[in-house]
Each structure stands twice: as structure tokens, then as C-alpha cells.
Asker: 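Encoded as C-alpha cells, here's the structure I'll be asking about.
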Amino acid sequence: MIRQLGIPTWFLSFSAAETRWLHLLKILGRTVNNKAFTDELVTNMNWKQKSELIQSDPVTCARHYDYMFRRFLNDFLYSLYHPIGEIKDHFYRV
């Protein structure tokens, strides 16, 4: 890649924040527990409860992370404002 495209300008590393994503926990509440969780209920959950909910449906969590990453890539990095400069090429691995 370096021979073809040159030295990369940016290297970014992302991590999921599943226990802090209220919208994901609400989705998991509907799919796993068949309950409509409110923001307040999710906010008041302890770390163990959130972790158990996340561990009960890893496929939904992985798909949601991919969705969030793609939204960030398309809606922010590739936006007309070019926050880190114009992107000529990108590569990512999960």
C-alpha cells in the first residue's frame, strides 16, 4: 500500500462503547428481553446488567458497531467540510 499510495497521513483506531450507547441498549432490550427500555431505565442499569445484555446478542452489537463506524466515515470524514482534509483513499479492518 505504501508503494502504491504513499505514506498514510492518518491512522485512526476505534473502539465500541456499548455500555454507553443508550440507543443500542434500548435496541437490545427490545430484541433480547422483548421490553421497551426507557432512557432512564438504561441509565440506571449497573455495569453488570449492561454487560449481560450486550453479551446476550453479540451479532446485533457487532452490526451496530459497523453501522456507527460507517455513519462516522460517511457523514463526518467524507462530508463536504473535510474535517481532516480530503480523503483520497481509506482502508479499514475490523
Side-chain angles (χ1 to χ4, degrees):
M1 283 178 53
I2 291 174
R3 272 187 263 132
Q4 292 177 348
L5 302 172
I7 296 172
T9 306
W10 291 93
F11 173 82
L12 304 171
S13 179
F14 298 97
S15 298
E18 301 103 329
T19 58
R20 296 181 184 198
W21 288 343
L22 297 182
H23 55 279
L24 173 61
L25 295 169
K26 289 169 71 173
I27 291 168
L28 291 172
R30 269 183 275 141
T31 58
V32 174
N33 294 340
N34 203 21
K35 295 180 183 176
F37 288 179
T38 63
D39 287 347
E40 183 180 352
L41 180 65
V42 173
T43 303
N44 292 330
M45 289 174 130
N46 63 34
W47 185 85
K48 184 179 179 192
Q49 291 169 318
K50 292 177 183 178
S51 295
E52 288 172 354
L53 191 58
I54 290 164
Q55 291 172 7
S56 64
D57 193 355
V59 173
T60 298
C61 292
R63 292 186 70 198
H64 192 75
Y65 174 79
D66 184 61
Y67 168 78
M68 294 292 286
F69 174 75
R70 289 176 189 270
R71 286 283 312 267
F72 175 74
L73 187 69
N74 294 326
D75 295 348
F76 183 68
L77 295 181
Y78 275 105
S79 72
L80 298 175
Y81 303 108
H82 305 293
I84 61 171
E86 187 176 353
I87 299 174
K88 295 180 182 175
D89 191 39
H90 77 272
F91 166 79
Y92 74 95
R93 180 173 76 178
V94 179

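We count residues from 1, following the sequence as given.
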Asker: Please assess L12 against L77 for the test side-chain contact (heavy atoms from CB on, under 4.5 Å), listing each intermediate value before the final yes or no.
Answerer: CA-CA 12 Å; L12 304 171; L77 295 181; 4.2 Å; yes

Asker: With side chain to side chain donor-acceptor pair (under 3.5 Å) as the test, would you mind laying out the steps for Y67 and R71 before giving the verdict?
Answerer: CA-CA 6 Å; Y67 168 78; R71 286 283 312 267; 2.9 Å; yes

Asker: T9 vs I84, test: side-chain contact (heavy atoms from CB on, under 4.5 Å). Steps then yes/no.
Answerer: CA-CA 10 Å; T9 306; I84 61 171; over 6 Å; no

Asker: Going from CZ on R20 to NZ on K50, what distance comes out if it is rounded to the nearest 0.5 angstrom?
Answerer: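 Spacing of CZ (R20) from NZ (K50) equals 8.5 Å.
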
Asker: Step through the shown structure and confirm whether more than 12 heavy atoms of other residues, nucleotides or ligands are within 6.0 Å of CG on N46.
Answerer: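 For N46, atom CG is crowded (more than 12 foreign heavy atoms under 6.0 Å).
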
Asker: Hey, which of L28, I27, D57, V59 is the one that makes side chain to side chain contact (heavy atoms under 4.5 Å, CB included) with H64?
Answerer: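 Only match with H64 under side chain to side chain contact (heavy atoms under 4.5 Å, CB included): I27.
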
Asker: Apply side-chain contact (heavy atoms from CB on, under 4.5 Å) to F14 and F72, showing your working.
Answerer: CA-CA 11 Å; F14 298 97; F72 175 74; 3.5 Å; yes

Asker: Testing the basics here: between P83 and S79, what is the closest heavy-atom pair and its distance to 0.1 Å?
Answerer: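 For P83 and S79, the tightest heavy-atom pair comes out as CD-OG, 3.9 Å.
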
Asker: To check you understand the geometry: which heavy-atom pair defines the closest contact between F37 and L25, and what is its length?
Answerer: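 Smallest heavy-atom distance, with atoms named: CD1-O, 3.9 Å.
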
Asker: I'd like to check the salt bridge (Lys or Arg N to Asp or Glu O under 4.0 Å) partners of R3; sequence neighbours left out, ordered by chain and number.
Answerer: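 Scan of R3 (salt bridge (Lys or Arg N to Asp or Glu O under 4.0 Å), adjacent residues dropped) gives none.
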
Asker: Would you say K26 and D39 make side-chain contact, with heavy atoms under 4.5 Å?
Answerer: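 Yes, close enough: below the 4.5 Å cut-off.
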
Asker: I need the T43 OG1 to E40 CD distance, nearest 0.5 Å.
Answerer: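 Between atom OG1 of T43 and atom CD of E40 there are 7.5 Å.
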
Asker: Any idea how F69 and Y92 line up, ring-wise: parallel (<30°), tilted (30 to 60°), or perpendicular (>60°)?
Answerer: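 The arrangement is tilted - the two ring planes meet at 30° to 60°.
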
